[in-house]
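All remarks here apply to the structure that follows.
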Amino acid sequence: ETGVTQSPTHLIKTRGQQVTLRCSSQSGHNTVSWYQQALGQGPQFIFQYYREEENGRGNFPPRFSGLQFPNYSSELNVNALELDDSALYLCASRPNPTVSYEQYFGPGTRLTVT
Amino acid sequence: DQQVKQNSPSLSVQEGRISILNCDYTNSMFDYFLWYKKYPAEGPTFLISISSIKDKNEDGRFTVFLNKSAKHLSLHIVPSQPGDSAVYFCAASGRTGNQFYFGTGTSLTVIP
């Protein structure tokens with residue numbers, strides 16, 4: 001059983017550009033969440049997908065969007081990048097959310113916006 | 001608005017002694033609490049959890065205590081080992097588990 005993987009590891013973008021980050025969940029995990037972790041802060045919840053539908057969203061603007069695919073992979077898209085979007089982006093998967101609250105995190109993607 | 005707070009950014013403990021990490025929350029609707037450990041360049045790893053219907057949960061060297069009236073939880077590590085040196089995050093969720101709130105983390109250093 002493979003763990004949660006994320007790509008790319010690091011990414012540098014320019015303000016105003018768009019970025020897509022990718023996550024591959026653990027097999028059988030139908031729930032995926034995305035988090036933003038700024039330096040010195042805890043992970044901030046962006047949104048959660050369950051069976052390809054968004055079922056929870058944190059306090060992030062609409063330019064943060066996502067997709068979840070049937071093969072347990074997911075994407076985080078950020079449009080019109082701002083300097084404050086520079087952070088570590090983590091995805092986390094878990095099995096049926098009615099059964100378990102425990103999330104399995106990937107290593108993250110470090111995004112730098114210049 | 002930080003609904004989960006860890007007021008101690010760092011903690012140093014001698015090997016073999018007890019480590020106590022604290023976490024406070026403001027939302028009385030939180031139903032489930034978790035602790036994660038994070039090493040550099042890795043994602044957080046689940047450590048232990050507790051439901052709001054309990055006040056204690058134990059797993060080996062790790063015990064989590066929940067005081068609902070004080071909106072406070074703590075993680076006890078006994079005995080502490082150098083490999084426990086990491087950043088510890090507490091997290092909370094409502095009953096639906098559709099959103100999780102994390103604290104800012106406490107960096108634990110266990111001195112050999």
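Computed over heavy atoms, backbone and side chain alike; hydrogens, waters and symmetry mates excluded. Remember, predicted model here, so these are calculated numbers, not experimental data. Throughout, a chain's letter reflects where its sequence line sits, starting with A, and its residues are numbered from 1.
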Quiz prompt | Donor-acceptor pair, side chain of B/Gln6 and main chain of B/Cys90, under 3.5 angstrom | solution = yes
Whatever's closer than 4.5 Å to a heavy atom in chain A on B/Glu42 counts as backbone
Of the listed A/Gly106, A/Pro43, A/Cys91, A/Pro107, the one with the largest count of heavy-atom pairs under 4.5 Å with chain B is A/Pro43
The interface call for B/Phe89 against chain A, heavy-atom contacts under 4.5 Å, is side chain
Q) Less than 4.0 Å between a side-chain N and a carboxylate O, is that true for B/Lys68 and B/Asp31? A) no
- Message: Quick one, B/Leu108 and B/Ser85 - any side-chain contact, counting heavy atoms below 4.5 Å?
- Response: no
Turns out that what part of A/Arg57 lies under 4.5 Å from chain B's heavy atoms comes down to backbone
Assert top hit (heavy-atom pairs under 4.5 Å, partner chain A, pool B/Gly43, B/Pro44, B/Gly105) equals B/Pro44
Side-chain contact test, heavy atoms from C-beta onward, threshold under 4.5 Å: evaluate it for B/Val78 versus B/Phe62 and give yes or no. no
When you measure from the side chain of A/Gln68 to the backbone of A/Glu52, do you find a donor-acceptor pair of N or O atoms at a distance under 3.5 Å? yes
Counting heavy-atom pairs under 4.5 angstrom with chain B, the leader among A/Gln44, A/Glu102, A/Gln37, A/Gln6 is A/Glu102
Turns out that what part of A/Tyr104 lies under 4.5 Å from chain B's heavy atoms comes down to neither
Between B/Asp24 and B/His72, is there a side-chain donor-acceptor contact under 3.5 Å, judged purely by atom types and distance?
yes
